[in-house]
Amino acid sequence: MGSLGFNCAVVVAMVLGLIVNVPELCNGGKTSTFVRKVEKTVDMPLDSDVFAVPSGYNAPQQVHLTQGDLVGKAVIVSWVTEDEPGLSVVHYWSEKSTQKKVAKGKFVTYRYFNYTSGFIHHCTIRGLEFNTKYYYEVGIGNTTRQFWFITPPEVGPDVPYTFGLIGDLGQSFDSNKTLTHYEMNPREGQTVLFVGDLSYADNYPNHDNVRWDTWGRFVERSTAYQPWIWTAGNHEIDFAPEIGETKPFKPYSHRYHVPYKASQSTSPFWYSIKRASAHIIVLSSYSAYGKYTPQYKWLEEELPKVNRTETPWLIVLMHSPWYNSYNYHYMEGETMRVMYEPWFVKYKVDVVFAGHVHAYERSERVSNVAYNVVNGLCTPVRDQSAPVYITIGDGGNLEGLATNMTYPQPEYSAYREASFGHAIFDIKNRTHAHYSWHRNQDGYAVEADSLWFFNRFWHPVDDSTSQTTN
Ligand SMILES: *[C@@H]1O[C@H](CO)[C@@H](O)[C@H](O)[C@H]1NC(C)=O
Ligand SMILES: *[C@@H]1O[C@H](CO)[C@@H](O)[C@H](O)[C@H]1NC(C)=O
Ligand SMILES: *[C@@H]1O[C@H](CO)[C@@H](O)[C@H](O)[C@H]1NC(C)=O
Ligand SMILES: *[C@@H]1O[C@H](CO)[C@@H](O)[C@H](O)[C@H]1NC(C)=O
Ligand SMILES: *[C@@H]1O[C@H](CO)[C@@H](O)[C@H](O)[C@H]1NC(C)=O
Ligand SMILES: *[C@@H]1O[C@H](CO)[C@@H](O)[C@H](O)[C@H]1NC(C)=O
Ligand SMILES: [Fe+2]
């Protein structure tokens with residue numbers, strides 16, 4: 001209780017007889033006054049252009065990429081064929097050569113209530129060169145489709161790299177705007193860090209898995225060309241005993257593979273990768289995380305392994321935010337915060353990205369680790385070893401915006417706004433990263449909120465004063 005509560009300095013100021021700007025002293029940070037047109041968030045109909053099935057017999061669809069190993073020399077290519085299995089192979093060749101190579105994968109299928117999936121292929125291409133453009137072809141057989149991707153530079157401390165941040169995307173008209181704004185952003189993310197809640201198929205009767213397929217086709221225009229790093233959200237659980245579906249994460253785990261074994265994880269729901277100058281840890285808000293659980297033991301061993309000389313930037317992804325001042329999902333992240341926050345401070349995590357709340361919020365660097373139930377110290381305090389917490393669950397899904405905020409704005413909350421959008425985390429070198437959040441209503445280059453991140457390990461000074469919010 002009370003961990004999110006703050007004393008209001010106004011009372012003190014009034015006792016002292018000061019003339020004060022009441023809202024400023026009382027409020028922690030900034031609540032944006034941006035006014036958007038109120039419109040209903042609705043899913044794009046099944047016959048929308050973005051859901052079109054590619055032409056040709058058994059044509060591969062829903063093509064998507066993710067990192068396939070620990071360091072970025074492998075890629076997992078996944079796609080679906082509907083008519084027959086076809087071959088689970090990928091032909092690929094680097095820009096520098098014309099010699100085609102072939103990687104072999106496997107396909108899986110699953111049933112969900114009365115839905116039967118297509119043939120879902122997963123193929124890991126290994127032994128790639130860093131910093132190289134590769135073309136690849138899937139659907140060898142009746143209909144082939146060609147795409148390309150660029151491998152990251154070799155892991156190292158001063159390698160610049162740009163990550164996009166998207167959460168809670170869904171497949172509404174607003175989702176399409178978010179994806180378009182991400183694609184058109186002149187800062188150009190090279191890889192998407194996706195913080196969970198993909199298709200929202202579970203909002204349909206019997207979790208109609210056809211909406212998993214439409215989502216895969218919708219995002220293909222990005223996922224076929226750059227890796228998306230996946231985090232499991234609550235809309236991936238698909239636990240529905242009322243229709244006999246009792247295996248959590250069934251559709252998600254058949255469709256979206258991740259390289260969890262490369263980081264000694266025993267489950268696809270928590271794992272880590274290194275990419276360029278970043279070490280990225282993905283956690284599961286919906287898997288056990290208490291003491292002695294597999295996720296706890298993995299994270300306990302994982303954090304000391306992070307080598308900030310090699311990867312200065314330590315980024316954590318999870319679905320349910322720990323610091324959230326909206327009246328939605330209030331304190332849902334609290335039990336995980338209690339377990340892991342001391343570690344995040346000890347190991348100086350740079351930034352934690354979460355989704356779940358369908359709005360945007362950025363915290364100050366705060367921690368609330370002094371609180372031990374009986375000591376009364378249940379208030380987050382400024383802490384330069386603590387991460388910045390960013391909620392980016394504003395992808396634009398059919399459930400609509402989270403507009404109801406708590407007042408006064410807590411001191412830990414630096415900026416919050418109920419608009420759809422995406423963010424960019426642009427690593428320049430071991431000390432500096434430029435972060436920006438882009439709302440869908442603005443032009444593609446506009447930064448509605450931005451901050452220079454100073455690395456917690458190499459440049460551990462206060463970066464909270466460098467913000468340039470509009
Ligand atoms: C699944 O069941 C629902 C509800 O009974 C029905 O509307 C739908 O057409 C069925 N779908 C298939 C593929 O049988
Ligand atoms: C698909 O390819 C297989 C193997 O080459 C061939 O036997 C089959 O006739 C093709 N089907 C169609 C519809 O083209
Ligand atoms: C989705 O966005 C793309 C790119 O802006 C556009 O071409 C397409 O028509 C949009 N589709 C829908 C259904 O809004
Ligand atoms: C950390 O990484 C650096 C640079 O790659 C390397 O020289 C060093 O040995 C690593 N430290 C440990 C403990 O592995
Ligand atoms: C906002 O949330 C609070 C707390 O749940 C609730 O009491 C209030 O009625 C909500 N306001 C609106 C406008 O929905
Ligand atoms: C790191 O990047 C920042 C921002 O671009 C720049 O000001 C700084 O000089 C760079 N540091 C080094 C050592 O290159
Ligand atoms: Fe969620």
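When a ligand or atom number is given, it counts from 1 through the structure's own listing order.
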Original post:
With a cut-off of 2.8 Å, which protein N/O/S atoms are close to the Fe ion (ligand 7), if we only count those under it?
Top reply: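 You should have found D197 OD2, N234 OD1, H319 NE2, H356 ND1.
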Subject >> Side chains of L128 and Y134 in contact at under 4.5 Å (non-hydrogen atoms) >> reply: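 When only atoms from C-beta onward are counted, Y134 and L128 do touch, with a gap below 4.5 Å.
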Original post:
Is the distance between the ring centroids of Y330 and Y328 under 6.0 Å?
Top reply: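 No, ring centres 6.0 Å or more apart.
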Original post:
When the aromatic ring centroids of W215 and Y200 are compared, is their separation below 6.0 Å?
Top reply: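 Distance test on ring centres: not under 6.0 Å, no.
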Subject >> Proximal ligand 6 atoms for H432, defined as those under 4.0 Å from one of its heavy atoms >> reply: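 So the answer, numbered in order with elements, is 1 (C), 2 (O), 3 (C), 4 (C).
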Subject >> Per-atom contacts, ligand 6 versus N429 - under 4.0 Å to a heavy atom >> reply: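 Answer for ligand 6: 1 (C), 2 (O), 3 (C), 8 (C), 10 (C), 11 (N), 12 (C), 14 (O).
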Subject >> Protein residues having a heavy atom less than 4.0 Å from any atom of ligand 4 >> reply: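 Contacting ligand 4 under 4.0 Å are N307, T309, E310.
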Please state whether the rings of [X] and [Y] are parallel, tilted or perpendicular, taking 30° and 60° as the class boundaries.
X	Y	value
Y435	F453	perpendicular
W452	H432	perpendicular
H356	Y286	perpendicular

Subject >> Distance (rounded to the nearest 0.5 Å) between E361 CD and D394 CG >> reply: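 Rounded to the nearest 0.5 Å, the CD-CG separation comes out at 11.5 Å.
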Original post:
Distance from H358 atom NE2 to I392 atom CD1, nearest 0.5 Å?
Top reply: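 Answer for the NE2-CD1 pair, H358 versus I392, is 12.5 Å.
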Subject >> Derivation and outcome, side chain to side chain contact (heavy atoms under 4.5 Å, CB included), residues K96 and E129 >> reply: CA-CA 11 Å; K96 300 169 196 156; E129 281 175 54; 3.7 Å; yes
**OP:** State whether a side-chain donor-acceptor pair under 3.5 Å links Y415 with E417.
**Re:**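 On atom types as modelled, these side chains qualify, holding a pair under 3.5 Å.
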Subject >> Stacked cation flag R365 on Y323, 6.0 angstrom / 45 deg >> reply: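 The answer is no; the distance or angle limit is not met.
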Original post:
Does an N or O from W452, backbone or side chain, lie closer than 3.5 Å to an N or O of ligand 6?
Top reply: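 No, no N or O pair falls under 3.5 Å.
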